[in-house]
Amino acid sequence: MPVRDTSVTAGSRRSLGVSGCRGFLLSPKCVMESAFLTFILASSLTVCSCQIGITDLNDVVVAAENMPTTLGCTDTTVKGDISINWMVKSLGTDEWKLLLTATERDNFSGASSKASMRLLDRNFKDSGVFSLFLVPTVEDSGLYTCFIKQRGKKLKERMYLLAILRVTIFPAPPIPHHSTLRLIAKVTPDDAVTKITWIAPGRKLMKSEKKPISGVVAKLPQIRTRDRGTYVCSVYYQKNTSRALSAQVEVTVDADKVAEFTNVSHGAMIFAGAQAQKPYLLKCPDVTGDLVVLHRLPADAKKKDMKVAYEYDRWRDSTLRTEQSKRLRLAGAPFDGKAGIFSFLLTPELRDGGLYACEVSLNDNIFSQWTTLSVLKVKTRYYTSKVELLCLYSELSQVQRVKWTHPNESRRLEMSSSHPGSISTVLPLPITPDTAGNYTCTLQLKNGQVIQAVQTVSLSLKESVSVTTPSLLPSLSALLLLVPLVAAAVGVLLWRQKHISDRAENVYENPADIRQAPPQSSVYMDLKPRGEDDVYKELERYEQCQG
């Protein structure tokens, strides 16, 4: 159902459909309230004049559609036999047309068919005011010229470019909840102004975009009651930063009515798989939209209750995040979320498998793309006598088969499953060169797509050490343990030497006496070499290793 255009009164704080100034039925009060909003901009408009083919343009007037406007033409010095000619040259044409002619004798004539087009002052011959009053529409934009003649001789000519601002709002207020509010402003010709902006209640600058046909557009998807208020459109003049014209609209929201989106387009279901912890592109509809919402139903869930996983509003530049959003982000080039070209990058864990629905809103239309995603993950469990390789996967409804393989095809792997979504194979310890290598878990979906994950099994640390150069750690450890014992033995020897010095000058000269003497201490150590475990041989072996 087409939405009715709602032209907005410049400077009025009441929206059309609510204000008393409606269409062409203008009361004197409305005229007085709006007269100050029409500005005559004094400077040369080179761009417009070049396009139209006129080089002596005097002024530019930017006026709101359906609002009283005056094109000035005054000369108080002219008296006597005078006549006024107002002519118009519409945009895109080369033909001048007569609007009206007035003479000193109050004779009026002309080709203008609009009752609203007339001289501002009928007593022009006394006042010298020959200005043109009109209530213009977009079709009235173009070049206007005023000729003042006296006795058939041209005394003065003044030329204007009349540019018309049209502001529309969709849907017409009051607006149902969750609708997409569209504020559109267009100036004809559009190169008569340098820019157009929209300001939301609270004086917040809104995001806006210039469209080739419709003009400058600002939107608010999923409008709420809190969005009601006065919205201001500001028009800025060519080569001038000052505001030339403003238009205001009052947005009201129907709290009792919720928008119904019946125009929904669904893309073909995507069946896919992804490896855990590796980015996967979740595709959205191929349409430039206003808002994107990603819904998710967990893998193998019995309860069909989809929840929002991520939401982004490009007009407000706002994001709704959830716990899963930590692993979700808007995809980059060739996608651009700020421009309304959406898709997501998901770095999934096993629990992130399931059904995803990406919905893109464009005005009051919904475009949907669904994806059923299986996530594959491999892991290793170590036991005393074995290694277990686990292959875990989700969204079983779309899985055809899963298996473990080894590069050596002659090796047959025994596989088992302790519960749905899991398949494992066991390797005995120790790992040998024959059992080491890359083990691949292959998951095949019902649509033929194949996803693989590789788990590497290496030789154990013990096996690896046995085939390398013998370690010095055991010998050094033994040496460190013997050092305190040697020190203690030397101490005992010196102590005993003092007590037996009377019977022998040197302990090594009378070893028999030493052995026959009764122990003077509970510590006794024979320091003579004693085979393989002797400390001296350990020291000699260490020195050889160091050499």
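None of the values given here were measured: they were computed from a predicted structure. What you see below is based on every heavy atom in this structure, not just the backbone, and it leaves out hydrogens, waters and symmetry mates.
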**Request:** Evaluate the criterion side chain to side chain donor-acceptor pair (under 3.5 Å) for residue pair Gln222 and Asp313; output intermediate values, then yes/no.
**Result:** CA-CA 9 Å; Gln222 293 190 344; Asp313 180 343; over 6 Å; no
**Request:** Have a look at Cys73 and tell me which of Phe124, Phe130, Phe147 forms a side-chain contact (heavy atoms from CB on, under 4.5 Å) with it.
**Result:** Phe130
**Request:** Quick one: pull up CZ in Arg314 and OG1 in Thr288 and give me the separation to the nearest 0.5 Å.
**Result:** 7.5 Å
**Prompt:** With a 4.5 Å limit on heavy-atom distance, are the side chains of Arg166 and Thr188 in contact?
**Reply:** no
**Asked** Side chain of Asp59, backbone of Leu161: donor and acceptor closer than 3.5 Å?
**Response** no
**Asked** Quick one: are Ser397 and Glu395 in side-chain contact, heavy atoms under 4.5 Å?
**Response** yes
**Message:** Is the distance between the ring centroids of Tyr160 and Tyr144 under 6.0 Å?
**Reply:** no
**Request:** Report the C-alpha distance between Gln398 and Thr372 in whole Å, list the side-chain angles of each, state the deciding distance to 0.1 Å, and finish with yes or no for side chain to side chain donor-acceptor pair (under 3.5 Å).
**Result:** CA-CA 8 Å; Gln398 66 167 349; Thr372 301; 5.3 Å; no
**Request:** Step by step, work out the side chain to side chain donor-acceptor pair (under 3.5 Å) result for Thr137 and Glu139.
**Result:** CA-CA 5 Å; Thr137 63; Glu139 291 73 21; 3.0 Å; yes
**Distance flag, aromatic centroids of Phe344 and Tyr310, threshold under 6.0 Å** = yes
**Prompt:** Which heavy atom in Pro285 sits nearest to a heavy atom in Val360, and how many Å separate them?
**Reply:** CD-CG2, 3.7 Å
**Message:** Strictly distance-based, threshold 3.5 Å: is any side-chain N or O of Asp290 a donor or acceptor partner for the main-chain N or O of Asn363?
**Reply:** yes
**Prompt:** Hey, does Ser234 have a side-chain heavy atom less than 4.5 Å from the side chain of Thr197?
**Reply:** yes
**Asked** Just wondering, more than 12 heavy atoms not from Lys207 lying within 6.0 Å of its NZ?
**Response** yes
**Student check: side-chain heavy atoms of Ile366 and Asn263 closer than 4.5 Å** = no
**Side-chain touch Asp121/Ser131, heavy atoms, less than 4.5 angstrom** = no
**Prompt:** Can you find a pair of side-chain heavy atoms, one from Tyr231 and one from Met206, that are under 4.5 Å apart?
**Reply:** yes
**Asked** Crowded around Arg228 CZ? As in, over 12 foreign heavy atoms under 6.0 Å?
**Response** no
**Prompt:** Can Trp370 and Ser368 be said to form a side chain to side chain donor-acceptor pair (under 3.5 Å), step by step?
**Reply:** CA-CA 7 Å; Trp370 292 45; Ser368 179; 2.7 Å; yes
**Message:** With a 6.0 Å cut-off (strictly less than), is the heavy-atom count around CG of Asp286, excluding the residue itself, greater than 12?
**Reply:** no
**Message:** Using side-chain heavy atoms (C-beta onward) and a distance below 4.5 Å, is Val249 in contact with Thr230?
**Reply:** no
**Request:** Please tell me if the side chains of Leu362 and Val287 come closer than 4.5 Å, counting only heavy atoms from C-beta onward.
**Result:** yes
**Request:** Determine, for Lys97 against Glu95, whether the closest basic-nitrogen to carboxylate-oxygen distance falls under 4.0 angstrom.
**Result:** no
